[in-house]
> 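Below is a structure I'd like to ask you about.
What you see below is based on every heavy atom in this structure, not just the backbone, and it leaves out hydrogens, waters and symmetry mates.
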Amino acid sequence: MSHQAHAYHMVDPSPWPLTGAGAALLMTSGLAMWFHKNSCILMTLGLILMLLTMYQWWRDVVREGTFLGHHTSPVQQGLRYGMILFIISEVCFFAGFFWAFYHASLAPTLELGLTWPPTGITPLNPFEVPLLNTAVLLASGVSVTWAHHSITEKNRTEATQALALTVLLGLYFTALQVMEYYETPFTMADSVYGSTFFVATGFHGLHVIIGSLFLLTCLVRHMQYHFTSKHHFGFEAAAWYWHFVDVVWLFLYISIYWWGS
């Protein structure tokens, strides 16, 4: 950046937006083919291209921020604003699911038996696996904060331990949710209760998987000395995302598992 008279990152031409758009087109078209023609070829090709694009694009971002020095203070500030706006969009995303749940549950229609949960639905006990999952996610929120504090205090050993513990807790949460889905006495086809339950908790589970991968990437980068006490926004973004996932789960637990049952 020595030839630049400013601290902003002028991004080089990249093929990844084009390949990402092509992958998205292949995946959506492939989904339609899978639904109507029972053929997974297009969707599989789109998924492979999307994964390759994600890996190579984010690899380039890591190189720009870690080795090339492009992530100056103004650039990091812009990345922070971008992450905040992304999390706000995620809040709006989940708000739609909560809206659907409360719209159906606060005034149950005649088709639901004028009661909530609807007639014929046996809800899950909120004080069994859901409560354990709540404890697991809250513990992971503590451990990711511990990791952040350790990085800022230049304590590499504790940061590694805390990050590894957070990833393990995320995987444990996912395993518990898979077990819960396997034993759930209702399906997505069981009225609006099944639809709102599986869509809301399923998308949250997907966010836990994404957050776990995000934190695992940060763990690998930390072990390769990519982070310093002053320059670690990649980890901060992962921590913000993980705290968002924690908060959403608390609302899901209180609304759907506890109050909704």
> Suppose we screen for side chain to side chain contact (heavy atoms under 4.5 Å, CB included). Which residues come up paired with T228, at least two apart in sequence or across chains?
K230, H231

> Hey, quick one: are I210 and V199 part of the same hydrophobic cluster, counting side-chain heavy atoms closer than 4.5 Å, chains of contacts allowed?
yes

> Would you kindly confirm whether L213 and V208 end up in one hydrophobic cluster when ILVMFWY residues are joined by side chain heavy atoms under 4.5 Å apart?
no

> Could you state the interatomic distance from CG (D12) to CG (L68), rounded to the nearest 0.5 Å?
9.0 Å

> When you look at CH2 of W58, are more than 12 heavy atoms from neighbouring residues, nucleotides or ligands closer to it than 6.0 Å?
no

> If you define the side chain from C-beta out and look only at heavy atoms, does anything of H243 sit under 4.5 Å from T145?
yes

> If you look only at distance, which donor and acceptor atoms sit under 3.5 Å apart when one is on a side chain in residues 88-99 and the other is two or more places apart or in another chain?
{"residue": "S89", "atom": "OG", "partner": "F86", "partner atom": "O", "Å": "2.5"}
{"residue": "E90", "atom": "OE1", "partner": "H207", "partner atom": "NE2", "Å": "2.2"}

> Would you find a donor on one side and an acceptor on the other, under 3.5 Å apart, between the side chain of S143 and the backbone of L165?
no

> Rounded to the nearest 0.5 Å, how far does CE of M223 lie from CG of L163?
10.5 Å

> Without swapping roles, check the side chain of Y257 against the backbone of L131 for a donor-acceptor pair under 3.5 Å.
no

> Would you say that H70 contacts R63 through its side chain, given a criterion of any heavy-atom pair below 4.5 Å between the two side chains?
no

> State, to 0.1 Å, how close D246 and G141 come at their nearest heavy-atom pair, and which atoms those are.
OD2-CA, 3.3 Å

> When you group the ILVMFWY residues by side-chain heavy-atom contacts below 4.5 Å and let the links chain together, are W258 and I121 in the same group?
yes

> Less than 3.5 Å apart, which donor and acceptor atoms pair up between the side chains of residues 33-54 and the rest of the protein, not counting sequence neighbours?
{"residue": "T44", "atom": "OG1", "partner": "C40", "partner atom": "O", "Å": "2.7"}
{"residue": "T53", "atom": "OG1", "partner": "T19", "partner atom": "OG1", "Å": "3.0"}
{"residue": "T53", "atom": "OG1", "partner": "L49", "partner atom": "O", "Å": "2.8"}

> Compute whether any side-chain donor of one residue and acceptor of the other, for T160 and H222, lie under 3.5 angstrom apart.
yes

> Which residues satisfy the salt bridge (Lys or Arg N to Asp or Glu O under 4.0 Å) test with E236, sequence neighbours excluded?
R80

> Decide side-chain hydrogen bond (donor to acceptor under 3.5 Å, both in side chains) for W242 and S140; before the verdict, give the C-alpha distance in whole Å, the side-chain angles of both, and the deciding distance to 0.1 Å.
CA-CA 9 Å; W242 196 252; S140 71; 2.8 Å; yes

> Between CG of L171 and CG of L216, what distance do you get to the nearest 0.5 Å?
8.0 Å

> Would you tabulate the side-chain donor-acceptor contacts of residues 21-29 under 3.5 Å, counting partners in other chains and residues two or more places apart, or write 'none'?
{"residue": "T28", "atom": "OG1", "partner": "A24", "partner atom": "O", "Å": "2.9"}
{"residue": "T28", "atom": "OG1", "partner": "L25", "partner atom": "O", "Å": "3.0"}
{"residue": "S29", "atom": "OG", "partner": "L25", "partner atom": "O", "Å": "2.8"}

> Please round to the nearest 0.5 Å and tell me the distance separating atom CZ of F214 and atom SG of C218.
5.5 Å

> Determine, using the 4.5 Å side-chain heavy-atom cutoff (strictly less than), whether I87 and L206 are members of one ILVMFWY cluster.
yes

> Side chain to side chain donor-acceptor pair (under 3.5 Å) with Q77: which residues, sequence neighbours excluded?
Y81

> Spell out, as yes or no, whether a donor-acceptor pair under 3.5 Å connects the side chain of D60 to the backbone of W57.
no

> Just wondering, more than 12 heavy atoms not from M188 lying within 6.0 Å of its CE?
yes

> Output all residues satisfying salt bridge (Lys or Arg N to Asp or Glu O under 4.0 Å) with R59, sequence neighbours left out; order by chain, then residue number.
none

> What is the distance from atom OG1 of T184 to atom CG of L124, rounded to the nearest 0.5 Å?
4.5 Å

> For Q177, check side chain to side chain donor-acceptor pair (under 3.5 Å) against everything at least two apart and list the hits.
none

> What ring-ring contact (aromatic ring centres under 6.0 Å, His included) pairs are there with at least one residue in residues 162-188, not counting sequence neighbours?
F173-H204, F173-W249, Y181-F198, F186-Y193, F186-F197, F186-F198

> Got a list of side-chain donor-acceptor pairs under 3.5 Å for residues 100-117, not counting sequence neighbours?
{"residue": "Y102", "atom": "OH", "partner": "S255", "partner atom": "OG", "Å": "2.6"}
{"residue": "S105", "atom": "OG", "partner": "F101", "partner atom": "O", "Å": "2.8"}
{"residue": "T109", "atom": "OG1", "partner": "E111", "partner atom": "OE1", "Å": "3.1"}
{"residue": "W116", "atom": "NE1", "partner": "G260", "partner atom": "O", "Å": "3.4"}

> Which residue pairs pass the ring-ring contact (aromatic ring centres under 6.0 Å, His included) test with at least one member in residues 133-152, sequence neighbours excluded?
H148-H232, H148-F235

> Given side chains that start at C-beta, do those of T196 and I256 come closer than 4.5 Å, heavy atoms only?
no

> State plainly whether one hydrophobic cluster holds both V245 and L168, where clusters connect Ile, Leu, Val, Met, Phe, Trp and Tyr through side-chain heavy atoms under 4.5 angstrom apart.
no

> So which heavy atom on M83 is nearest to which on A237, and how close?
CE-O, 3.5 Å

> To the nearest 0.5 Å, what is the distance between OG1 (T134) and CG (L252)?
9.5 Å

> Give me the other members of the hydrophobic cluster that L138 sits in, counting Ile, Leu, Val, Met, Phe, Trp and Tyr linked by side-chain heavy atoms under 4.5 Å, directly or via other members.
L250

